[in-house]
2 protein chains.
Amino acid sequence: MKQITMADVAKLANVSKSTVSQYLNKRYDYMSEETKKRIEKAIDELGYQPNFIARSLKQKSTATIGVIVFNILHMLTTQVLRAIEDVCQERDFHVIVCNTDDDPEKEKKYIEMLRAKQVDGLIIFPTGKNLELYEKMAEEQFPLVFVDRMVPGIPADAILLDNHKAAALAVNHLVEHGYERIGIVAPPIVPHVIPRLERIEGFKHALAEKGLPVMEEYMVGMEISRIKEGLTQLFSSDCPPEALFAINDLTLMEILNFVKDNNIRIPDDLALISIDDVPFSNIYTPTLTTIAQPTFEMGKKAAERLFMQIDQKNEHHQQILRFPPTLIQRGSVKQRT
Amino acid sequence: MKQITMADVAKLANVSKSTVSQYLNKRYDYMSEETKKRIEKAIDELGYQPNFIARSLKQKSTATIGVIVFNILHMLTTQVLRAIEDVCQERDFHVIVCNTDDDPEKEKKYIEMLRAKQVDGLIIFPTGKNLELYEKMAEEQFPLVFVDRMVPGIPADAILLDNHKAAALAVNHLVEHGYERIGIVAPPIVPHVIPRLERIEGFKHALAEKGLPVMEEYMVGMEISRIKEGLTQLFSSDCPPEALFAINDLTLMEILNFVKDNNIRIPDDLALISIDDVPFSNIYTPTLTTIAQPTFEMGKKAAERLFMQIDQKNEHHQQILRFPPTLIQRGSVKQRT
DNA sequence: TTGTATGCGTTATCAA
DNA sequence: TTGATAACGCATACAA
């Protein structure tokens, strides 16, 4: 199956390659109607399809961006990705998607290969551990946007949730409904995972604001697989929490699993609020009070910022955008009597 | 930021471009240790990064495939996609993801643009409406795999669920638990959406096998947004179904919504079984009996079939692979007394 | 063991 | 209004 090239079209239409090129790029300014017709005819007679790779080589633009995420299976990722793709679709850009599983090595490889493939920009949910690489891209002014996490010290755009506010929303909502012994459940707290840190920090801060003590034993921070144990222990203590704040959907799932196994009634025995508005929040019994991230807006903005950088390759100022979370009141937190 | 090319490396290392090229492609057979050293030095002194686009132009391979789906937000899609990406990762291939929203026009555009970008193959969840395009690809022996739906008449590989079996699994499970008045809930039945058709067909067939009548009024097939109304009507009849079979996760959600609004107790008032093992099936009350698709296996196989075609560009025989569904017994179907 | 020349399919510059 | 010709960055056959 031989590729049909511009040369073939040119020959058949009896014009030069350059003329065909002009035609394809709609530079009709000086082209006679007749040549146009002839070229058009030749094109569909041969079923000619332009080769973008060749064009990219010349034009230094592939109309392709890379999106590097931890895991496309996470809801946040999927939704952000969808929004990014929508923006790209409008501009006839394509999106290459890569999963790192939060492994810095994979991230490195992807960044390098995608750049070798000359993608026009990169949107990254960063592992945070490839400092040199991030730095290099920033220095070179390579279009780059971080999402979900940022990397301190790297002057790149970042699209984040306002994590402090999210935590405050949760705490305040609980406190206003009469809860005082509030626990928080999170994956392990590691220094480079900014959102977790910020959410915990926000939690403590909000508690303090409300004049409530921060109880270390109410803070469960461990591997997802161990959370159920952690909860078991916590709830076998003399004075278990009256309310739980799950900092993301994964921890929420573990909590729901735990309460199911232990016949803990929500919200009667335990109030529950979480960040990430899971798809079943409305159909679960009780319905789940959550704090939603504006995932689509975030994805859209990420793409827009990236295109801004792609368009004006000149100086561009870093922007750290924090998106406001939304409290969605449902049934897992009730007014205490 | 000027691109650094092989020529620059060659100059600095005092060798020719071809030697550098050899080096990069690890054709060390006849290269002196010294030249190797010099080239290596030059490369990292300049921070040289090869340009894959240029290489692709020459080699007619981009190490990139396209995956065209309806909507990345659907769980099935996301999981299949993840499996595909994993296989690609092993072969240093990249994946371009496109959402069609089941719109044939978008699909057409994507197929054409991706082919123009010279992707090495395409995995498509087809809308089923671009016959000429599919045909053209098949004729040209362009590497192509359909997933989820197949397109009758197009000799391309297809990875599907064994829909008949899935429906039979559901019906038999219900019948064996003492249910006879079984309803089915589906999106609109349109001729080109094979899985829906097959599931309904399988449903009728299984019912017949069990000697049960097929009740037209128990078959709800309508737009997702109207399903709740449909159910309301169905359940206000004299003789509503005792069990419901949701043919996918979307319809399941509507049913759950409906039962919640109407205080219908599952499984006491109504048994429920569905295709697609939703993430909350284990934590919902009751836990949900589902029929799972082997999504990861399907994605993996899709990628493998595609690579098979990519590798041996010669003759290749169409294969329609039907994957077996798995019944996961949980709490939404109980033994009737 | 390494270098020269040519081609991949476009686009861009400049002539004609 | 159109055509030659030279890039783009790399790979490869062949020569040296």
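Each chain gets a letter, A, B and so on, in the order the sequences are listed, and its residues count up from 1. Just so we're clear, the structure is a prediction, and the values are computed from it rather than from any experiment.
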**OP:** Any chance you could measure B:Q318, atom CD, to B:L144, atom CG, to the nearest 0.5 Å?
**Re:**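 It comes to 10.0 Å.
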Classify [X] by what it touches in the nucleic acid, base, sugar-phosphate, or nothing, heavy-atom distance under 4.0 Å.
X	value
B:K17	base
A:S56	nothing
A:V15	sugar-phosphate

Which nucleotide sits closest to the side chain of [X]: [options]?
X	options	result
A:P50	C:dT4, D:dT1, C:dT10	C:dT10
B:L57	D:dG9, D:dT5, D:dC10	D:dG9
A:T19	D:dT2, C:dT11, C:dG9	D:dT2

Subject >> Plane angle bin for B:H94 and A:Y110 - parallel if under 30°, tilted between 30 and 60°, otherwise perpendicular >> reply: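 Aromatic pair A:Y110/B:H94 classed tilted.
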Original post:
Taking only N and O in the side chain of A:N51, is any of them less than 4.0 Å away from OP1 or OP2 of C:dC8?
Top reply: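 Answer is no, no contact under 4.0 Å.
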**OP:** Could you check how far CZ of B:R55 sits from C1' of D:dC8, rounded to whole Å?
**Re:**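 My rounded result for the distance is 16 Å.
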Original post:
What is the distance from OH of A:Y23 to P of D:dT1, rounded to the nearest Å?
Top reply: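 Roughly 17 Å, once rounded to whole Å.
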**OP:** Record whether the side chain of B:K58 comes under 3.5 Å of the base of C:dG7 through a donor-acceptor pair of N or O atoms.
**Re:**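 Present.
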Original post:
Under the 3.5 Å rule, do the base of D:dA4 and the side chain of A:S18 count as making a donor-acceptor pair?
Top reply: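 Such a pair exists between side chain and base.
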Subject >> Test item: side-chain donor near acceptor, A:S18 and A:S21, under 3.5 Å >> reply: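 Absent: no donor and acceptor within the cut-off.
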